[in-house]
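Predicted, not measured: the structure shown is a model, and the values here were computed from it.
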Amino acid sequence: MAPRGGQSYGFPIYCAAWLPLAHILKPDPPAADADADASPSSPPPPMAALGGGGGEGRSGVPNKLVVAALGPAGEEAALSPEAVVEVKTKEEVPYRMAVHPRGDGVLCAFPNGCRLYRWESQEGDEPRKLALEPDQEALTDLKDAGLQLAVSFSGEGSILVTGGEDGHLRVFKWPAMESVLTEADTKTSIKDLSFSSDEKFLAVNRSSGPCRVWDLLSSEVVANLPREAGEIFGFCRFSNKIDSSNILFITAMQGDYGKIISWNTTSWTRVGSKKITREAISAFAVSPDGALLAIGTIEGTIIVLASKDMRTLITVKKAHLGIVTTLAFSQDSRTLLSTSFDSTARVTSVGSPKSNGTGVWPMLLVIILAILVYYCMQHKEELLAMLQR
């Protein structure tokens with residue numbers, strides 16, 4: 001049984017991402033005899049790709065990629081149980097996923113290597129027009145590279161980076177697959193990585209040691225961000241610009257606490273740190289507008305925070321019945337997708353900081369109170385006289 005707001009798909013979900021439909025679906029060409037007064041067709045609902053499965057054994061749980069659409073407007077936010085696209089991946093379980101932001105396809109990391117699935121979209125902006133087909137020639141350099149624990153395209157889609165369980169970091173120009181840099185460290189595996197919004201920096205977290213930041217223009221390390229005593233770094237995410245500055249957020253476990261640390265990306269100094277939860281952090285995301293952070297835990301909890309002061313806005317206990325495996329904000333930063341080993345995908349409406357009570361209303365209240373205090377001070381004698389009557 002799926003938790004409230006969740007949709008079950010019958011297989012453990014390891015990875016997920018929203019789709020850039022504007023770059024995937026091809027609208028119908030205008031008809032020569034089209035009725036000029038006809039109303040335009042409504043845009044297709046947002047869709048997400050989900051990947052996972054039961055692995056190599058004989059569990060009977062399939063390994064597959066699924067594309068699901070968001071339900072109709074006006075209903076409780078949830079993905080539809082019916083798949084728009086379903087691709088079975090035989091004995092290989094999709095473990096990590098990167099969706100190209102300009103519609104080039106879906107890259108899946110399997111236990112033995114990576115494969116690219118291309119979109120096959122016929123004319124028409126309806127979901128049923130979509131299909132995914134494997135491109136056997138696109139990723140020859142990664143075909144037998146082993147398990148990649150982190151895969152990502154840059155924001156504009158011109159760079160691809162993968163981080164292996166074997167500690168091998170690979171950065172390529174896309175789609176030419178020309179090598180930009182490589183680093184092999186067989187003593188540590190790569191846990192997570194993140195591009196800055198301007199595609200200049202790449203942050204890499206390994207299973208031990210500092211967070212290393214690369215300058216992709218020079219292919220040199222520009223910073224090694226140290227851990228404090230007892231910290232174990234987990235996820236890393238660059239934010240978009242907040243108040244004209246860029247921030248790198250890193251999650252860490254320190255003793256029994258999961259925390260979020262913020263770093264200035266000019267001086268590479270630690271500028272903030274806050275303990276968030278006593279549950280181990282298993283997923284992390286930053287909204288595209290940079291205003292929100294989200295963490296998922298091994299106990300199935302989801303927490304959404306304001307990035308500016310790391311104040312908790314939303315907490316959903318037992319959002320999932322198992323480990324939260326993926327978090328992804330929609331492009332408008334108003335919807336959070338979460339997935340889990342419990343086979344569910346959940347959609348949580350998060351709005352914006354203003355809609356969560358952290359916007360203009362508190363400021364207006366302060367202004368109104370200040371005006372009342374000023375008025376009382378200026379008319380103190382008249383008010384005292386009124387009270388004595």
Side-chain angles (χ1 to χ4, degrees), residues 11 13-24 47-53 63-68 84-121 130-166 168-182 189-195 199 202 204 216 235-237 283 285 325-328 331 337 339 345:
F11 61 92
I13 303 173
Y14 286 86
C15 51
W18 292 104
L19 302 184
L21 292 181
H23 298 281
I24 298 172
M47 295 183 219
L50 315 170
N63 301 312
K64 63 173 76 172
L65 287 174
V66 167
V67 173
V84 174
V85 178
E86 182 175 301
V87 178
K88 294 183 179 179
T89 58
K90 300 181 180 179
E91 294 299 311
E92 297 180 304
V93 57
Y95 193 65
R96 294 288 187 267
M97 174 190 297
V99 173
H100 192 273
R102 294 294 180 267
D104 284 3
V106 178
L107 184 153
C108 287
F110 297 102
N112 297 320
C114 297
R115 187 179 308 136
L116 183 71
Y117 290 82
R118 299 277 189 185
W119 296 107
E120 297 291 336
S121 176
L130 278 178
L132 277 172
E133 298 294 338
D135 185 336
Q136 304 293 349
E137 306 299 325
L139 299 173
T140 54
D141 292 342
L142 297 171
K143 184 177 179 181
D144 299 310
L147 177 60
Q148 304 301 299
L149 297 178
V151 292
S152 179
F153 289 104
S154 61
E156 293 299 319
S158 63
I159 307 174
L160 167 66
V161 60
T162 67
E165 186 179 39
D166 62 359
H168 205 135
L169 175 70
R170 298 175 176 88
V171 184
F172 303 95
K173 291 183 180 179
W174 183 266
M177 291 297 288
E178 296 175 4
S179 179
V180 175
L181 71 87
T182 60
S189 59
I190 293 176
K191 297 174 72 173
D192 197 31
L193 42 80
S194 176
F195 286 103
E199 300 189 346
L202 172 68
V204 181
L216 294 176
F235 300 93
C236 55
R237 290 289 183 275
T325 53
T326 304
L327 292 171
Q331 210 42 49
L337 172 67
T339 63

Chi angles and distances behind the side chain to side chain contact (heavy atoms under 4.5 Å, CB included) call for F11, N63: CA-CA 8 Å; F11 61 92; N63 301 312; over 6 Å; no
field: Spacing of Q136 atom CD and R118 atom CZ [to the nearest 0.5 Å]
entry: 12.0 Å
Nearest atoms (heavy-atom pairs only) where P111 meets V93: CD-O, 3.5 Å
message: If you count heavy atoms of other groups shown closer than 6.0 angstrom to OH of Y95, is the number above 12?
response: no
message: Please check: side-chain N/O of E86 versus main-chain N/O of V84, any donor-acceptor pairing under 3.5 Å?
response: no
message: Would you compute the distance between atom CG of D135 and atom CG of D104 and round it to the nearest 0.5 angstrom?
response: 10.5 Å
message: Could you check whether any side-chain N or O of N112 sits under 3.5 Å from a backbone N or O of D144, counting only pairs where one atom can act as donor and the other as acceptor?
response: no
Flag, side chain of R237 to backbone of A285, donor-acceptor distance under 3.5 Å: no
Which atom of V180 lies closest to which atom of F172, heavy atoms considered: CG2-C, 3.9 Å
- request: Decide yes or no for W119 and V67: does some side-chain heavy atom of the first lie under 4.5 Å from some side-chain heavy atom of the second?
  value: yes
task: Please test L169 against L181 for side chain to side chain contact (heavy atoms under 4.5 Å, CB included), starting from the C-alpha separation and ending with a verdict.
output: CA-CA 8 Å; L169 175 70; L181 71 87; 3.8 Å; yes
- prompt: Is a side-chain donor or acceptor of Q148 paired with a backbone partner of C114 at a separation under 3.5 angstrom?
  reply: no
task: Using atom types as modelled and distance alone, determine if a side-chain donor or acceptor of D192 lies under 3.5 Å from a backbone N or O of C236.
output: yes
task: Indicate yes or no for a side-chain donor-acceptor contact from T326 to the backbone of Y14 under 3.5 Å, with no hydrogens or angles considered.
output: yes
statement: Nearest heavy-atom approach of L116 to L107 is CD1-N, 3.9 Å
task: Classify the angle between the aromatic ring planes of W174 and H100 as parallel (below 30°), tilted (30 to 60°) or perpendicular (above 60°).
output: tilted
message: Donor-acceptor pair, distance only, cut-off 3.5 Å: does the side chain of T325 make one with the backbone of T339?
response: yes
message: So, taking the atom named NZ in K64 and the one named CD1 in I13, what distance separates them when rounded to the nearest 0.5 Å?
response: 10.5 Å
message: A quick test of your reading: do over 12 heavy atoms of other residues, nucleotides or ligands sit less than 6.0 Å from CD of Q331?
response: no
query: For A328, does its backbone N or O pair with a side-chain atom of W18 as donor and acceptor, under 3.5 Å?
result: yes
- request: Start with the C-alpha distance between I159 and K173, add both sets of side-chain angles, then the distance that settles side chain to side chain contact (heavy atoms under 4.5 Å, CB included), and finish with yes or no.
  value: CA-CA 5 Å; I159 307 174; K173 291 183 180 179; 5.8 Å; no
- prompt: So do E199 and L216 actually touch side chain to side chain, heavy atoms under 4.5 Å?
  reply: no
- line: Between the CZ atom in R115 and the OG1 atom in T89, the distance rounded to the nearest 0.5 Å is 7.5 Å
task: Please step through side chain to side chain contact (heavy atoms under 4.5 Å, CB included) for the pair Y117 and V85, ending with a clear verdict.
output: CA-CA 12 Å; Y117 290 82; V85 178; over 6 Å; no
task: Mind listing the closest non-hydrogen atom pair of F153 and P101 along with its distance?
output: CB-CD, 3.8 Å
- request: Quick one: closest heavy-atom pair of L65 and M97, and the distance?
  value: CD2-CE, 3.8 Å
- request: Kindly give the heavy-atom pair with the smallest separation between R96 and V151, and that separation in Å.
  value: CB-CG2, 3.9 Å
- prompt: Can you check whether L160 reaches L142 side chain to side chain, under 4.5 Å on heavy atoms?
  reply: yes
